[in-house]
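Encoded as structure tokens, the structure appears first; notes follow it.
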There are 2 protein chains.
Amino acid sequence: MRNILIIEDDTDIAELITYNLQKAGYKTHHAVNANEGLIILGEVACDIILLDLMLPGLKGMEFLKIIRSNDEYSNIPVIIISAKTHEQDIISGLNTGADDYLPKPFSMEMLLAKINTILRRGASWTGRAANILEYQGIKLDDANHKVYVDGREIKLTHKEYELLRLFLSNPDTIFSRDRLLNSIWGYDSQSYTRTVDAHIASLRKKLLSYGDVIISVSKTGYGLK
Amino acid sequence: MRNILIIEDDTDIAELITYNLQKAGYKTHHAVNANEGLIILGEVACDIILLDLMLPGLKGMEFLKIIRSNDEYSNIPVIIISAKTHEQDIISGLNTGADDYLPKPFSMEMLLAKINTILRRGASWTGRAANILEYQGIKLDDANHKVYVDGREIKLTHKEYELLRLFLSNPDTIFSRDRLLNSIWGYDSQSYTRTVDAHIASLRKKLLSYGDVIISVSKTGYGLK
DNA sequence: TAATTTTGTAAAATAAATGTAAAAAACCCC
DNA sequence: GGGGTTTTTTACATTTATTTTACAAAATTA
């Protein structure tokens, strides 16, 4: 499922967009300002960003510049949504690195058409930084969705694959179970059970001799050694 | 140098665009109607197409559909330029496979910003497939549109053939159902049913003892073993 | 160290995705 | 427009994946 990050301080608009995107089968994440957007980007591998320009605090264009100069995020497509509709605004948005510019007000149909247009092209860039991730004898080829241990391919289930990819893309981070549930499962874990632990266990087993590169930090979560 | 194909019957506009694009360092090609456009596409590997919708003869949208359902050209980005500026025109243009839509009149600066935005993504790769593809006992002769299993010809339907060719040309890739729908069927594959699976099943059956070289990766898609 | 909490893990229960045949619909070629 | 073919949809069987459970083991706390 595709993750879409909505950065928009007007919660009415954000909710409207959220409602429609979810209906269209997307997973949405909402930030009310740029800093919150950056935090979510750190937690969730987003496929597209909808960016309002008029934000409190860090402005939309500043955010866009940060994104575009950051290795990990520079490939994520950005659609600007803004009440500024002058030609010069649009041109400067595009030239700063946005992929499209949608003047407010806009119809949901138009928004969906633009999202689909961009994602259609997206087969070749996955919204994630590197296509091949390596860690010790583990190699993850994201374009081809394959994982190798010491050069030998192993078969992972989808959740195991997502976990491994998240760890490999953030080798220094310890992820709490909540954060893992948010990034990979996509819901708030109200009464959490042992789901994450079970998947970690089976992933470790499939990684054979590298199973112990995934460490658990008591009361904190999981991450790479 | 990037090649840009301009399909526009109004020669004044075409000349204006040509002048500005050349000044910006692009190589331009001009067609006054869709058929001429097709001829140029056959001769020049174009990186982007600017398409006027109101053309004499074959209409712009028809041309777009042809492009998008042709293996060789389907990846070339298309920007529609048109005097039709109603929301529904734009949406239907995007959903037919255009990458952007520029209402007339437009400024050269805007056109250049849009062209640069699209080319920045480097979307243009005109991968020309080999003429004969082989994988284990399967042989696909693309020039003659024939498929052999252990030297014996088998009859495939068009969709089966396209699937097989896509797999054989990308033996390491696992294709999601969405991507298969995009590549082989067309773009607005909204409500997908089990179409892809059904075709995979019949293709497997026709491949006889090699049916299981097409593997399914749960929640991910299909590809070669 | 004992009590408590947290994590590991196998296996059962549940849920979801895929395989497949066949009916229905669409397409195509006289 | 009719007859054959291809494509899509449907329904159900089968397989695979995910979640939950229960208990063991390890870590943390007091």
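So that the names make sense, note that chain A is the first sequence line, chain B the second, and so on, each numbered from 1. Worth knowing before you read on, the calculation uses all heavy atoms, side chains too, and leaves out hydrogens, waters and symmetry mates.
- Of the options A:Lys206, A:Arg165, A:Lys155, A:Lys205, a side chain to side chain donor-acceptor pair (under 3.5 Å) to A:Glu160 is made by A:Lys206 and by none of the others.
- Nearest-nucleotide assignment on DNA chain D puts the 5′-proximal partner with B:Glu160, out of B:Glu160 and A:Ala198.
- Backbone-only engagement by B:Ser218 is indicated by non-hydrogen atom pairs under 4.0 Å involving sugar-phosphate atoms exclusively.
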Walk me through it: do A:Val78 and A:Arg68 pass the test side chain to side chain contact (heavy atoms under 4.5 Å, CB included)?
CA-CA 10 Å; A:Val78 171; A:Arg68 283 293 175 255; 3.7 Å; yes
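- When each of B:His158 and B:Arg194 is assigned the nucleotide of DNA chain D with its nearest heavy atom, B:His158 is the one assigned upstream, toward the 5' end.
- Nucleotide C:dA17 holds its P atom 13 Å from the CG atom of B:Asp178, rounded to whole Å.
- We find that CD1 of A:Ile200 is positioned 16 Å from P of D:dT20, with the value rounded to whole Å.
- Using cut-offs of 30° and 60° on the angle between ring planes, the pair A:Trp185 and A:His199 is perpendicular.
- D:dA17 atom P lies 12 Å from atom NZ of A:Lys159, rounded to whole Å.
- Side-chain nitrogen and oxygen atoms of B:Ser216 include none within less than 4.0 Å of the OP1 or OP2 phosphate oxygen of C:dA17.
- Between the CG atom of A:Leu156 and the P atom of D:dT16 there is a distance of 16 Å, given to the nearest Å.
- Between A:Trp185 and D:dT18 there is no side-chain N or O to OP1 or OP2 distance below 4.0 Å.
- Counting only N and O atoms by type, the side chains of A:Tyr26 and A:Asp47 include no donor and acceptor under 3.5 Å apart.
- No contact: A:Tyr161 has no heavy atom under 4.0 Å from any strand.
- For A:His199, counting side-chain heavy atoms from C-beta on, the closest listed nucleotide (D:dT7, C:dT7, D:dT18) is D:dT18.
- For the residue pair A:Asp150 and A:Tyr210, a side-chain donor N or O sits within less than 3.5 Å of a side-chain acceptor on the partner.
- Here A:Asp100 contributes atom CG and A:Met110 contributes atom CE; the two are 9.5 Å apart, rounded to the nearest 0.5 Å.
- Note: CG (A:Leu180) to P (D:dT19) measures 13 Å, nearest angstrom.
- Classification of B:Glu162 and B:Lys159 as a salt-bridged pair fails, no side-chain N sitting under 4.0 Å from a carboxylate O.
- In this structure, A:Lys155 atom NZ and D:dA17 atom P are separated by 10 Å, rounded to whole Å.
- Using a 4.0 Å cut-off between a side-chain N of Lys or Arg and a carboxylate O of Asp or Glu, A:Asp197 and A:Arg204 do not qualify as a salt bridge.
- Note: CD1 (A:Ile215) to P (D:dA26) measures 18 Å, nearest angstrom.
- Checked against C:dG8, D:dT18, D:dT29, the side chain of B:Lys219 finds its nearest nucleotide in D:dT18.
- For the segment residues 201-212 of chain B, residues with any heavy atom less than 4.0 angstrom from an atom of DNA chain C are, sorted by number, B:Arg204, B:Lys205.
- B:Val196 comes within 4.0 angstrom of no nucleic acid atom, judged by non-hydrogen atoms across all strands.
- Atom CZ of A:Arg177 is separated from atom C1' of C:dT6 by 8 Å (rounded to the nearest Å).
- Applying the 4.0 Å criterion to OP1 and OP2 of D:dT5, one finds that B:Thr157 has every side-chain N and O outside that range.
- In this structure, the nucleotide among C:dG8, D:dT16, D:dT19 sitting nearest to the side chain of A:Asp197 is C:dG8.
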